[in-house]
Amino acid sequence: MILEVGVNSYLTVEEADILVSNNLDDDSEDSLEWNKLSTDSKEKLLIKGTRLVDKLPYLGVKYNPSSKLNWPRMINLNKKECPDDVKLGLICQMLKSRRNSSKQELKLQELGVKDYKIKNASITFADKNNTKVDCGIYKSIFNEYFIKYNSTVL
């Protein structure tokens, strides 16, 4: 699939590179992981991330009702392009999902398991940062990047 801004992505790989470079610490997990990805992998991540965050209920209404994406939007009678926070949030969401996809305990936690026991061993989950809101976005990322543009608190 080819990345097309306004059709299946909110930003180009070049824009994403600049956002990561300007907003994330160079030695952060997200920045290091992003910079290791190939251009093709970055495109796929941006398309998948756009699909995910586009499902959120945003303030205002679609600027163009026939648009495939929810941004740009009309908010208080002004056209607003997709904010950098939303773009950076989708990058961080997808990188975190990528890192966590192989961690069995996180898979269980996302399914709602609070604790489990195997013979004499037991695990209880207390970390709420890895839980997701209804749309599949991590709560910590939702609260940092998306909540101010959200029309309802999830």
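For clarity, every value in this text was computed on a predicted model and none was experimentally measured.
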Quiz item: With a 4.0 Å cut-off, would you call Asp30 and Lys96 a salt bridge?
Solution: no

Quiz item: CG of Asn64 to CE of Met74: how many Å apart, nearest 0.5 Å?
Solution: 11.5 Å

Quiz item: What's the verdict on side chain to side chain contact (heavy atoms under 4.5 Å, CB included) for Asn70 and Lys55, showing C-alpha distance, side-chain angles and the deciding distance?
Solution: CA-CA 8 Å; Asn70 272 311; Lys55 295 176 187 174; over 6 Å; no

Quiz item: How many angstroms lie between CD1 in Ile47 and CG in Leu52, if you round to the nearest 0.5 Å?
Solution: 14.0 Å

Self-check item: Main-chain N/O of Glu4 paired with Ser9 side-chain donor or acceptor, under 3.5 Å
Solution: no

Quiz item: Taking the side chain as C-beta and beyond, is there a heavy-atom pair between Ser41 and Lys36 under 4.5 Å?
Solution: no

Quiz item: For the side chain of Ser28 and the backbone of Asp25, is there at least one donor-acceptor N/O pair under 3.5 Å apart?
Solution: yes

Quiz item: Does atom CG of Asn76 have more than 12 heavy-atom neighbours, drawn from other residues, nucleotides or ligands, at distances under 6.0 Å?
Solution: no

Self-check item: Check: Leu19 main-chain N/O paired with Lys87 side-chain donor or acceptor under 3.5 Å
Solution: no

Quiz prompt | Check: Leu59 main-chain N/O paired with Arg73 side-chain donor or acceptor under 3.5 Å | solution = yes

Quiz prompt | Side chain proximity check, Thr39 to Glu43, heavy atoms < 4.5 angstrom | solution = yes

Quiz item: Does the side chain of Asn8 reach to within under 4.5 Å of the side chain of Thr50, using non-hydrogen atoms?
Solution: no

Exercise. Tell me, please, which residues at least two apart from Lys48 pass side-chain hydrogen bond (donor to acceptor under 3.5 Å, both in side chains).
Key: none

Practice problem: Decide side chain to side chain contact (heavy atoms under 4.5 Å, CB included) for Leu90 and Tyr145; before the verdict, give the C-alpha distance in whole Å, the side-chain angles of both, and the deciding distance to 0.1 Å. | Solution: CA-CA 9 Å; Leu90 82 85; Tyr145 297 104; over 6 Å; no

Quiz item: Ignoring hydrogens and geometry, is there a side-chain-to-backbone donor-acceptor pair from Gln93 to Gly136 under 3.5 Å?
Solution: yes

Practice problem: Search all heavy atoms of Ser67 against all heavy atoms of Gly6 and return the closest pair with its distance. | Solution: OG-O, 4.4 Å

Exercise. Drop me the distance from Cys92's SG to Tyr138's OH, to the nearest 0.5 angstrom.
Key: 12.5 Å

Practice problem: Find the distance between CG (Leu88) and CG (Asn23) and round it off to the nearest 0.5 Å. | Solution: 5.0 Å

Exercise. Report the C-alpha separation of Trp34 and Leu24 in whole Å, then their side-chain angles, then the decisive distance to 0.1 Å, and conclude whether the side chain to side chain contact (heavy atoms under 4.5 Å, CB included) test is met.
Key: CA-CA 10 Å; Trp34 178 259; Leu24 302 178; over 6 Å; no

Exercise. Give the other cluster members for Ile2, using side-chain heavy-atom distances under 4.5 Å between Ile, Leu, Val, Met, Phe, Trp and Tyr residues; answer none if it is isolated.
Key: none

Self-check item: Electrostatic pair Lys68-Asp54, nearest N-O below 4.0 angstrom
Solution: no

Exercise. Give a yes-or-no answer on whether the side chains of Ser38 and Asp40 include a donor-acceptor pair shorter than 3.5 Å.
Key: no

Self-check item: Residue pair Leu37, Arg98: steps toward the side chain to side chain contact (heavy atoms under 4.5 Å, CB included) verdict
Solution: CA-CA 12 Å; Leu37 294 174; Arg98 198 169 187 266; 3.4 Å; yes

Quiz item: So do Pro72 and Lys79 actually touch side chain to side chain, heavy atoms under 4.5 Å?
Solution: yes

Exercise. For the residue pair Glu15 and Leu46, establish whether any side-chain heavy-atom pair is separated by less than 4.5 Å.
Key: no

Self-check item: Flag side-chain contact, heavy atom, 4.5 Å: Ile75 against Tyr149
Solution: no

Quiz item: Taking all atoms of both residues into account, what is the closest heavy-atom pair of Ala16 and Ile91, and its distance?
Solution: CB-CD1, 3.7 Å

Practice problem: Hey, could you give me each pair passing ring-ring contact (aromatic ring centres under 6.0 Å, His included) that has a residue in residues 40-67? Not counting sequence neighbours. | Solution: Tyr58-Trp71

Quiz item: So do the side chains of Phe146 and Asp85 get within less than 4.5 Å of each other, counting heavy atoms only?
Solution: no

Quiz item: Do Val5 and Val7 sit in the same hydrophobic cluster, where Ile, Leu, Val, Met, Phe, Trp and Tyr count as joined when their side-chain heavy atoms come under 4.5 Å apart?
Solution: no

